[in-house]
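These notes are about the structure you will find just below.
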Amino acid sequence: MAAQQPTLTHLITSLTALSLPTPTSTFLQPILTPPTSNPTRTPPLAVLTATAKHRLLSASITSSPSAPSILIPSTPAFPGNISDVRVKERLLGEDVFVQVVDIQDLGRSKWEQIEGLEAERKGETMKGREVIRVVPLDEEEPGVAGTQSLPGQNHNQNQGNGNGNQTGDKSSRGPFKLLLQDWKGVVIWGFEVRKVEKVGLPPVMGIGCKLLLRRGTKVARGMVLLEPGNVVVFGGKIDSEDKAWRAGRESRLRREVEERGDGEGE
């Protein structure tokens, strides 16, 4: 007996079982449609679900002048006045699916971040107070890099164990502020009250990363309070926006320092 072909309803049910929102049929139908090279065979539901999840996490959930949102209109969103600082405290009444459009590191001064980005751009890494330049090794396979020992230093000590040598932003433990956007385009800052796994600067978290804010999440004075129990980090990123954010980050930090005349504060 032939296996039942997955339908749109099956795919939607499979996605929502993962706590993902419901995409539009326009978004899902191409995934269900078998390739023209083999029109009689549809992949199993598990494969279709994985494909739909990947595409969902890699796409913008907001609408644009040329296309509507990929999520159905009944998808929960923020209240219109969610960022009102005059509201002392409120709780989200529903789960809200959002994407990250900006990340701020509150654990380090802006100058410290700028210096880290400069070192990363120059191919340098830090081990304690020691600066090590990362150079390609011709003898190694492509993509493998080694370290160039400084005079008087033992080469084996410079290799690190994965924890001592850190490049640029990888040394930061936060806390972080995330600018969160729902499918309607409403934005609000979220503050990491307690450490949340997978929250951090790229490459830990990319721009466009998808999160689910659980029902009951606290919003205080226009700020979402992020804690491990109220946020689910799905991951993903929007490649074009992530690359643009990374490319412009150092210049943004420098501009903020110049405007405020202070590199030590947030």
**Complete:** Only residue of L48, L28, L56 satisfying side-chain contact (heavy atoms from CB on, under 4.5 Å) with L15 is L28

**Request:** Kindly say whether H10 contributes a backbone atom to a donor-acceptor pair with the side chain of S14 at under 3.5 angstrom?
**Result:** no

**Item:** Min side-chain heavy-atom separation P202-W245 under 4.5 Å
**Value:** yes

**Asked** Do L71 and L8 share a hydrophobic cluster, counting only Ile, Leu, Val, Met, Phe, Trp and Tyr and linking them when any side-chain heavy atoms are less than 4.5 Å apart?
**Response** yes

**Request:** Quickly, which of V186, I188, V224 forms a side-chain contact (heavy atoms from CB on, under 4.5 Å) with S83? Name it, please.
**Result:** I188

**Request:** For K243, look at atom NZ and say whether over 12 heavy atoms of other residues, nucleotides or ligands are found less than 6.0 Å away.
**Result:** no

**Prompt:** Considering the options E259, E115, E118, which one meets the salt bridge (Lys or Arg N to Asp or Glu O under 4.0 Å) requirement together with R254?
**Reply:** E118

**Asked** When clusters are formed by joining ILVMFWY residues with side-chain heavy atoms under 4.5 Å apart, either directly or through shared neighbours, do V98 and V204 land in the same one?
**Response** no

**Asked** Can you find a heavy atom in the side chain of V199 that is under 4.5 Å from one in the side chain of V233?
**Response** yes

**Prompt:** Roughly how far, to the nearest 0.5 Å, is CZ of F176 from CD1 of I103?
**Reply:** 8.0 Å

**Request:** Could you grab the distance from atom SG of C209 to atom CG of L178, nearest 0.5 Å is fine?
**Result:** 8.5 Å

**Message:** Given 3.5 Å as the limit, does a donor-acceptor pair link the side chain of D102 with the main chain of L179, or not?
**Reply:** no

**Message:** Within the 4.5 Å heavy-atom criterion, are K218 and E227 side-chain neighbours or not?
**Reply:** no

**Message:** So which atom in L18 and which in K53 form the shortest heavy-atom distance, rounded to 0.1 Å?
**Reply:** CD1-CD, 4.4 Å

**Message:** Run T22 and T75 through side chain to side chain contact (heavy atoms under 4.5 Å, CB included) and show every step you take.
**Reply:** CA-CA 7 Å; T22 303; T75 301; 5.5 Å; no

**Prompt:** Rounded to the nearest 0.5 Å, how far does CG of L211 lie from OG1 of T217?
**Reply:** 10.5 Å

**Prompt:** What is the distance from atom CG of L201 to atom CD1 of I207, rounded to the nearest 0.5 Å?
**Reply:** 8.5 Å

**Message:** So, applying side-chain contact (heavy atoms from CB on, under 4.5 Å) with L213, which one of D95, V232, L180 is it?
**Reply:** L180

**Request:** Using a 4.5 Å cut-off on heavy atoms from C-beta on, say whether the side chain of P203 contacts that of R246.
**Result:** yes

**Prompt:** Any chain of hydrophobic side-chain contacts (each under 4.5 Å) joining V101 to L106?
**Reply:** yes

**Request:** Could you list the residues that satisfy side chain to side chain donor-acceptor pair (under 3.5 Å) with T62, not counting sequence neighbours?
**Result:** S60

**Item:** Test item: K210 side-chain N/O and A59 main-chain N/O as donor-acceptor pair under 3.5 Å
**Value:** yes

**Asked** Taking the side chain from Q113 and the backbone from D105, do they hold a donor-acceptor pair closer than 3.5 Å?
**Response** yes

**Request:** Please answer whether the main-chain N or O of E241 pairs with a side-chain N or O of K237 as donor and acceptor at a distance below 3.5 Å.
**Result:** no

**Message:** Can you confirm whether P175 sits close enough to L226 that some side-chain heavy atom of one is under 4.5 Å from a side-chain heavy atom of the other?
**Reply:** no

**Asked** Do any N or O atoms from the side chain of S69 and from the backbone of S63 form a donor-acceptor pair under 3.5 angstrom?
**Response** no

**Asked** Is there side-chain contact between I82 and L92, with heavy atoms separated by less than 4.5 Å?
**Response** yes

**Asked** If you look at every heavy atom in G200 and M205, which pair is closest and at what distance?
**Response** O-CB, 3.2 Å

**Residues that S66 engages under side chain to side chain donor-acceptor pair (under 3.5 Å), provided they are two or more places apart** = S64

**Prompt:** Below 4.5 Å, heavy atoms only, C-beta onward: do W189 and Q104 meet side chain to side chain?
**Reply:** yes

**Asked** Is it true that atom CZ of R252 has more than 12 heavy atoms of other residues, nucleotides or ligands lying nearer than 6.0 Å?
**Response** yes

**Complete:** Between T49 and the options V47, L45, T51, the side-chain contact (heavy atoms from CB on, under 4.5 Å) test singles out L45

**Message:** Just to verify, what does K184 make a salt bridge (Lys or Arg N to Asp or Glu O under 4.0 Å) with, not counting sequence neighbours?
**Reply:** none

**Polar side-chain atom of S58 near backbone of R55 as donor-acceptor pair, under 3.5 Å** = no

**Request:** Answer whether the closest heavy-atom distance between the side chains of K177 and M223 falls below 4.5 Å.
**Result:** yes

**Message:** Looking at N230 and L225, would you say the former's side chain and the latter's main chain have a donor-acceptor pair under 3.5 Å?
**Reply:** yes

**Prompt:** What's the spacing between T26 OG1 and I70 CD1 if we round to 0.5 Å?
**Reply:** 11.0 Å

**Item:** Nearest atoms (heavy-atom pairs only) where E192 meets R194
**Value:** CG-O, 3.2 Å

